[in-house]
Amino acid sequence: MNTVNVYIKGQEDKELISFLRYFPSRIKNIGMDAVFDRQIVYDYKDGRNHLEVAKCVAKFLVKKFGRKICNVVFSCIPASSPERNEMRNRHFSELVCKFSGAIDGFSHVSVIGERTAVHGTKIKKEERAKRINEQNKIKIDADFFKNKEVCIWDDVVTTGASFNAYVSQLEQAGAHVTNGIFLAKTSYKYVLK
C-alpha cells in the first residue's frame, strides 16, 4: 500500500500518514478503487483483515525507525467501548509489534464505560466536539508512557480531533508522540485516477 501525508492542525511536528482514502457511504459517485478501499476499512473495523493491515503498518514502522523500533511504543487510539477496543485493537496491536519489534502499548490503555462513536454519522461540529470531550473515558498508564517515544494508530482520520485528544493525554503523561498512522483519511471528493 502507498502512503499519503495527512495534515492535522496543531500536529505539524509529527509525521502523519494514511494508507487509503475513505469515502463515507453517503458519497455515491466513486470508482471501484474507492469501493475497494472502503471495504478494507469496514473489514478492519470488523476484525477480518488485521493480519494484512498489520503487515503494512509493521513494514512502515521498520522502514521509519529501523533498529530503533525496539524503543518505540505502538499505541492504538481506543475504540468507543471496551468490547470494541478489545475486538479491534488487542490482536492487531500484538501483530504489528510482533512483526515490527515495537513495544505493544495496548495493555497500558483502557476504555472505561462507553463513549459515543465519532465516526459513521454526519454530525455538527459542536456535537463532534462534545463526543471528543468524552475521551476522558480513556485511562492511560502514565508511568508506562512517561519519556517514551510513541507512534499512534487509528483506523480512520477525519478532522483529527480524536488524534489531538489522545496525543494531548499521552503528552500530559510525559510521552513523546512522533507519528500518527491511519488506515484511511476521510475524503469527500472523488477524482478518477
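Everything numeric here is computed off the predicted structure, so don't read it as measured data. Just so it is clear, the values below take in all heavy atoms, side chains as well, and ignore hydrogens, waters and symmetry mates.
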TODO: Would you indicate whether the side-chain heavy atoms of Cys70 and Phe65 approach each other to under 4.5 Å?
DONE: no
Open item on the list: For the backbone of Lys9 and the side chain of Gln11, can you confirm whether one donor and one acceptor N or O come within less than 3.5 Å of each other?
Closed with: no
Task: Exercise: do Asn71 and Glu149 side chains pair donor with acceptor under 3.5 Å - done: no
TODO: Examine distances only and state if a side-chain atom of Thr159 and a backbone atom of Ala161 form a donor-acceptor pair shorter than 3.5 Å.
DONE: yes
Open item on the list: Using 30° and 60° as the class boundaries, would you call the ring planes of His50 and Tyr44 parallel, tilted or perpendicular?
Closed with: tilted
Task: Nearest heavy atoms of Ile8 and Gly160, plus distance in Å - done: CD1-CA, 3.8 Å
Task: Test item: Val4 and Val6 side chains (from C-beta on) under 4.5 Å apart, heavy atoms - done: no
Open item on the list: So does Asn164 get a backbone contact from the side chain of Ser168, meaning a donor-acceptor N/O pair under 3.5 Å?
Closed with: no
- [ ] Would you please test Phe145 and Ser75 for side-chain contact (heavy atoms from CB on, under 4.5 Å) and show each step?
- [x] CA-CA 10 Å; Phe145 283 103; Ser75 183; 4.0 Å; yes
TODO: Answer yes or no: is there a side-chain heavy-atom contact under 4.5 Å between Arg38 and Ile30?
DONE: yes
Open item on the list: Would a single hydrophobic cluster contain both Leu51 and Phe92, if residues Ile, Leu, Val, Met, Phe, Trp and Tyr are joined by side-chain heavy-atom contacts under 4.5 Å?
Closed with: no
- [ ] For residues Phe106 and Asn85, determine if any side-chain heavy atom of one lies less than 4.5 Å from a side-chain heavy atom of the other.
- [x] yes
Task: The single option from Ile152, Ile69, Val57 passing side-chain contact (heavy atoms from CB on, under 4.5 Å) against Phe74 - done: Val57
TODO: Before giving the answer on side-chain contact (heavy atoms from CB on, under 4.5 Å), spell out for Tyr166 and Cys76 the whole-Å C-alpha distance, their side-chain angles and the decisive distance to 0.1 Å.
DONE: CA-CA 10 Å; Tyr166 193 54; Cys76 302; over 6 Å; no
Task: side-chain contact (heavy atoms from CB on, under 4.5 Å) between Val73 and Cys151, worked out - done: CA-CA 6 Å; Val73 175; Cys151 179; over 6 Å; no
TODO: To the nearest 0.5 Å, tell me how far Ile112 CD1 sits from Lys137 NZ.
DONE: 10.0 Å
Task: Beyond-backbone contact of Val156 with Thr186, side-chain heavy atoms, under 4.5 angstrom - done: yes
- [ ] Classify the ring geometry between Phe144 and His108 as parallel (under 30°), tilted (30 to 60°) or perpendicular (over 60°).
- [x] parallel
- [ ] Please say whether more than 12 non-hydrogen atoms of neighbouring residues, nucleotides or ligands are located less than 6.0 Å from NZ in Lys55.
- [x] no
TODO: Show your working on side-chain hydrogen bond (donor to acceptor under 3.5 Å, both in side chains) between Tyr190 and Asp33 and close with a plain yes or no.
DONE: CA-CA 10 Å; Tyr190 180 78; Asp33 59 327; 2.5 Å; yes
Open item on the list: Measuring only between side-chain heavy atoms, which start at C-beta, is Phe163 closer than 4.5 Å to Asp154?
Closed with: no
Open item on the list: Contact between Tyr7 and Asn5 at the side-chain level, heavy atoms closer than 4.5 Å - yes or no?
Closed with: no
Check residues 173-184 and write down every donor-acceptor pair under 3.5 Å in which the side-chain atom is one partner and the other belongs to a residue at least two apart or another chain.
unit_1, atom_1, unit_2, atom_2, d
Asn179, ND2, Glu15, OE1, 3.4

- [ ] Provide the closest heavy-atom pair for Ala79 versus Val111 in the form atom of the first, atom of the second, distance.
- [x] O-CG2, 3.5 Å
- [ ] Measure the spacing between NZ of Lys185 and CG of Leu16 and express it to the nearest 0.5 Å.
- [x] 10.5 Å
Task: Over all atoms of both residues, closest heavy-atom pair of Ala54 and Leu95 - done: CB-CB, 3.6 Å
- [ ] Of all the heavy-atom pairs spanning Lys14 and Val167, show the shortest one and how long it is.
- [x] CE-CG1, 3.7 Å
- [ ] State whether a side-chain donor-acceptor pair under 3.5 Å links Tyr22 with Thr158.
- [x] no
- [ ] Of all the heavy-atom pairs spanning Asp104 and Ser93, show the shortest one and how long it is.
- [x] OD1-OG, 2.5 Å
TODO: Tell me, yes or no, whether the heavy-atom count around Phe36 atom CZ, taken from other residues, nucleotides or ligands under 6.0 Å, exceeds 12.
DONE: no
Task: Under-4.0 Å salt bridge between Asp155 and Lys45 - done: yes
Task: Inter-residue atom distance Ser25.OG - Ile27.CD1, 0.5 Å rounding - done: 8.5 Å
TODO: Could you tell me whether Glu171 and Lys148 have a side-chain N and a carboxylate O separated by less than 4.0 Å?
DONE: no
Task: Rounded distance [0.5 Å steps], CD1 in Ile77 versus CH2 in Trp153 - done: 10.5 Å
Open item on the list: Check this for me: Asn29, atom CG, are more than 12 non-hydrogen atoms of other residues, nucleotides or ligands nearer than 6.0 Å?
Closed with: no
- [ ] Taking the side chain as every heavy atom from C-beta outward, state whether Asn49 and Glu52 have any pair of such atoms under 4.5 Å apart.
- [x] yes
TODO: Run the numbers on Met87 and Glu83 for side-chain contact (heavy atoms from CB on, under 4.5 Å), then give the verdict.
DONE: CA-CA 6 Å; Met87 180 189 79; Glu83 297 78 22; over 6 Å; no
- [ ] Search all heavy atoms of Gly113 against all heavy atoms of Pro82 and return the closest pair with its distance.
- [x] O-CD, 3.0 Å
